[in-house]
Protein chains: 2
Amino acid sequence: MASKVLENQRQRAPSKRSLETKSRILNAAEAVFSERGFDGASIRDIANRAQVNVALVQHHGGTKDALFFHVVARKAEQLAILRTDALIRRKRHGPLSLRDVLSCFITPFLERVLQGDPSWRAYGRLIAHVSADARWHEITEKCFDPTVAVFLEELAVVLPSVSRQQLGAGFVFTVSAMLSLCASRWRIDAMAQPQSDDDLVQTLLDFCEAGIARAAARPR
Amino acid sequence: MASKVLENQRQRAPSKRSLETKSRILNAAEAVFSERGFDGASIRDIANRAQVNVALVQHHGGTKDALFFHVVARKAEQLAILRTDALIRRKRHGPLSLRDVLSCFITPFLERVLQGDPSWRAYGRLIAHVSADARWHEITEKCFDPTVAVFLEELAVVLPSVSRQQLGAGFVFTVSAMLSLCASRWRIDAMAQPQSDDDLVQTLLDFCEAGIARAAARPR
DNA sequence: GTCTATAATGAGATAGAC
DNA sequence: GTCTATCTCATTATAGAC
């Protein structure tokens with residue numbers, strides 16, 4: 001009898017079903033958080049979307065805060081690798097330009113967010129939400145700041161005459177312009193004829209490249 | 001008896017006390033909404049901060065949505081006047097430069113938000129929040145789009161060779177960079193030595209001016 | 001105009017059976 | 001791992017006395 005119980009426990013350490021359930025929950029949380037924000041989302045909404053019992057969300061995701069952090073961190077880790085990989089790969093073809101650095105940061109993100117994948121689309125809105133709220137300071141710090149530091153160093157190499165203040169400001173402006181494409185693209189499209197994703201990304205790169213380069217031309 | 005009731009009602013049509021109460025409520029709502037967002041804020045928080053009974057918030061502000069709209073619209077009206085006035089005043093001194101147009105849009109806002117006035121500081125964060133969320137589409141449309149349309153026209157005059165798509169994108173990037181100073185200034189300050197408000201605004205204007213001017217140099 | 005009291009709902013979290 | 005049931009609390013909104 002007792003051995004039968006033990007055997008059962010051993011055999012389903014993390015069962016296949018639970019793995020599926022856990023990632024269904026994370027996906028649902030990603031979608032709901034991105035649509036309604038942290039406070040607007042409820043565990044129950046998430047459970048419904050995941051087609052899972054309410055209690056299971058807490059069981060697999062922990063508290064609501066922990067679940068939120070987990071959702072942000074999951075793709076942030078992928079993103080950190082994609083961005084630094086892009087940087088390393090481009091470095092093999094000689095010294096970097098300003099546009100190279102910006103492109104290695106922006107493109108891996110936007111090409112996923114603007115493309116069809118609904119999960120990345122949701123993630124884009126979610127990050128725009130996280131980034132605009134000082135309350136998520138700590139999440140930003142853990143998930144994104146390490147990569148940002150790497151790219152700031154690269155900017156400093158490319159533009160040695162520009163002060164750290166200028167570079168920091170330019171980088172924040174760049175990130176916020178990038179995120180505006182996640183949350184406010186409808187506004188751009190409403191102002192004129194909609195344009196292709198690719199054109200939009202090039203326009204963004206033009207904008208930020210020129211903006212940061214200006215600091216080099218007019219040191220402060 | 002009956003005449004006494006009528007007299008009481010007449011004498012305090014909108015009494016001085018009620019006017020004070022109403023604006024205390026709006027100020028409190030502004031502060032709480034800006035700190036916690038729409039969903040994170042509660043009518044009770046607002047009532048407490050206004051030192052007023054819970055029921056009074058509903059009485060003077062209506063539903064939570066209506067109160068939110070009212071708070072956003074209140075300063076938006078002032079802002080629309082300040083911005084267009086700045087435009088008109090500068091037009092008297094000859095034709096506008098690109099930087100003039102951007103400055104007339106950005107400066108009236110940022111000089112209030114970055115300055116000490118806590119009410120405008122709160123409003124800045126609030127607008128950053130509103131702007132990052134498609135849910136407030138309608139509020140944006142009513143409160144800000146008319147002014148934006150005016151400034152887009154001015155941009156088109158200054159840069160006739162640039163497509164509406166490019167101008168629209170450049171304007172959205174500019175607005176989002178501007179709003180990043182409301183919500184994410186701590187991030188800039190964390191990256192390097194903090195800089196003065198004035199330097200920061202000039203850096204922003206340099207960035208956006210160069211960014212939009214680039215579109216003129218490289219038409220798409 | 002202001003207050004108390006309460007209705008009606010929905011939230012996050014947990015205990016305990018299976 | 002999964003589910004039902006429930007605890008505990010906070011929310012918006014309103015009804016009605018003063």
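Letters A, B, ... mirror the listed sequences (proteins, then strands); counts begin at 1.
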Measure from [atom1] on [X] to [atom2] on [N] and round the result to the nearest Å.
| X | N | atom1 | atom2 | value |
| --- | --- | --- | --- | --- |
| A/Q51 | D/dT2 | CD | C1' | 16 Å |
| B/N53 | C/dT6 | CG | P | 15 Å |
| A/L56 | D/dA5 | CG | C1' | 15 Å |
| A/D39 | D/dT11 | CG | C1' | 13 Å |

Its contact letters, B for base, S for sugar-phosphate only and - for none at protein heavy atoms under 4.0 Å, make nucleotides 11-18 of chain C read SBBB----
Quiz item: Do A/S103 and A/T107 meet the criterion of a side-chain donor-acceptor pair at a distance under 3.5 Å?
Solution: yes
Margin query: Checking the side chain of A/R121 only, and the main-chain atoms of A/L114 only, is there a donor and an acceptor separated by less than 3.5 Å?
Written below: yes
With a 3.5 Å distance limit and no angle check, can you tell me whether B/T174 reaches the backbone of B/C208 through a side-chain donor-acceptor pair?
no
With respect to the phosphate group of D/dG1, does any side-chain polar atom (N or O) of A/T21 fall under 4.0 Å of OP1 or OP2?
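So the side-chain polar atoms of A/T21 never come under 4.0 Å of the phosphate oxygens OP1 or OP2 of D/dG1.
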Tell me whether the centres of the aromatic rings in B/W136 and B/F69 are closer together than 6.0 Å. no
Check: Ring centroid separation for A/F207 and B/F207, is it under 6.0 angstrom?
Finding: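 For A/F207 and B/F207, the ring centres are under 6.0 Å apart.
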Under the ring pair (Phe, Tyr, Trp, His ring centres under 6.0 Å) rule, collect the residues that match up with B/F171, sequence neighbours excluded.
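Listed in chain order: B/F105.
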